[in-house]
Amino acid sequence: MGTKKDKKILVTGALGQIGSELVPALEARYGAERVVASDIRIPPAGAYQGAFEQVDCTQPLAIQDVVRRHDIGAIYHMAALLSAVAEERPQIAWSVNLGGLYNVLEVARQNSASVFCPSSIGAFGPSTPRDRTPQTTIQRPTTMYGVTKVASELLCDYYAERFELDARGLRLPGLISYAAPPGGGTTDYAVEIFYQAVRYSHYTCFLAADTRLDMMYMPDAIDGIIQLMQAEPTRLKHRNAFNVTAMNFTPDELAGEIRKSVADFVIDYDVDPVRQAIAESWPRAIDDSAARAEWDWQPRYDLATMTADMLAKLGEKLKSPTRTT
Ligand code: AKB
């Protein structure tokens with residue numbers, strides 16, 4: 001199994017959009033004493049019930065030290081730059097996204113740990129079929145983010161084949177959440193729109209009105225990650241880089257759904273050519289039948305239920321004067 005009994009779990013990038021919700025979910029499932037959160041940034045005092053370690057994943061000895069000291073049996077490696085930031089800083093993206101993963105896999109190999117590594121719809125490119133994008137298909141991305149994600153998928157497969165390392169992963173779509181901001185992705189509009197709808201009933205979108213992309217609500221992503229790491233290995237034909245999705249929509253359709261609750265909500269558009277070009281190089285709707293067949297992937301939230309929950313949760317959160325993101 002991906003998460004070994006009695007050993008501890010290390011989460012890298014714990015302060016990021018996924019890590020912020022993954023750590024509490026793992027603590028709830030396995031106990032806070034078995035989860036070690038880590039990030040290159042330092043969290044506010046008292047942020048974690050369990051241990052926290054400051055780790056820069058480009059430094060292999062720092063990862064090795066934490067893994068040995070805490071007797072880590074599984075690493076959920078979430079530290080990475082997202083697509084738009086990676087396009088601004090391609091050299092750093094290569095070092096963090098691919099160099100960091102290489103370091104994690106090497107330390108995992110030396111310590112018999114398993115690894116979860118998220119890939120993305122960004123691992124596809126303009127020559128990939130854009131609708132019902134198959135599990136196995138053309139992957140020729142044109143962004144540095146995509147290059148690092150394809151290489152990550154291949155590196156995880158290599159370590160699994162060559163060293164029998166239990167490396168598993170998902171190709172995640174845009175993730176929508178209220179706990180922590182995404183910070184530098186092409187799909188970030190689908191989070192920003194909710195904050196602006198609750199605060200001002202108005203949002204200026206950086207993607208064009210008809211840009212269709214796959215999306216998922218964070219509770220489904222967290223469940224999917226944990227479920228894949230728990231899955232019976234003999235059932236997994238792919239193991240790494242499973243296509244997963246929960247819904248797909250355009251900014252215009254999302255605005256229409258928000259308007260059902262925020263009647264005066266207005267969306268307008270100021271398209272960012274860089275992020276628009278990235279979005280247009282990605283699929284509109286991926287086929288996740290391999291994940292459904294091999295480990296029973298089944299998302300709970302669709303556009304309507306995700307929108308209702310986001311608006312309710314953000315309405316509560318933004319009432320509090322101390323929490324503004
Ligand atoms: C991004 O937009 O960069 C991410 C992703 C789809 O991988 N949310």
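Whatever order the structure lists them in is the order used to number ligands and atoms, beginning at 1.
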Quiz item: Of all heavy-atom pairs between Glu21 and Ser177, which one has the smallest distance, and what is that distance?
Solution: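 Closest pair (atom of Glu21, atom of Ser177, distance): OE2-CB, 3.3 Å.
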Self-check item: Non-hydrogen atoms of Thr250 and Tyr189 that approach each other most closely
Solution: C-OH, 3.7 Å
Quiz prompt | Top protein contact for atom 8 (N) of ligand 1, by heavy-atom distance | solution =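 Looking at atom 8 (N) of ligand 1, the protein heavy atom closest to it is Thr187 OG1, 2.8 Å.
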Which ligand 1 atoms does [X] reach within 4.0 Å, using its non-hydrogen atoms?
X      : result
Ser120 : 5 (C), 6 (C), 7 (O)
Ser83  : 1 (C), 2 (O), 3 (O)
Thr186 : 1 (C), 2 (O), 3 (O)
Trp282 : 1 (C), 2 (O), 3 (O), 6 (C)

Quiz item: Can you tell me if CZ on Arg89 sees more than 12 non-hydrogen neighbours from other groups inside 6.0 Å?
Solution: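 Count not over threshold, so no.
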Quiz item: Do Glu257 and Thr307 have side-chain atoms, one donor and one acceptor, less than 3.5 Å apart?
Solution: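 Side-chain D/A pair, Glu257 to Thr307: absent.
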Practice problem: Let me know which of Thr245, Val244, Leu170 forms a side chain to side chain contact (heavy atoms under 4.5 Å, CB included) with Trp297. | Solution: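 So the option named by the test is Val244.
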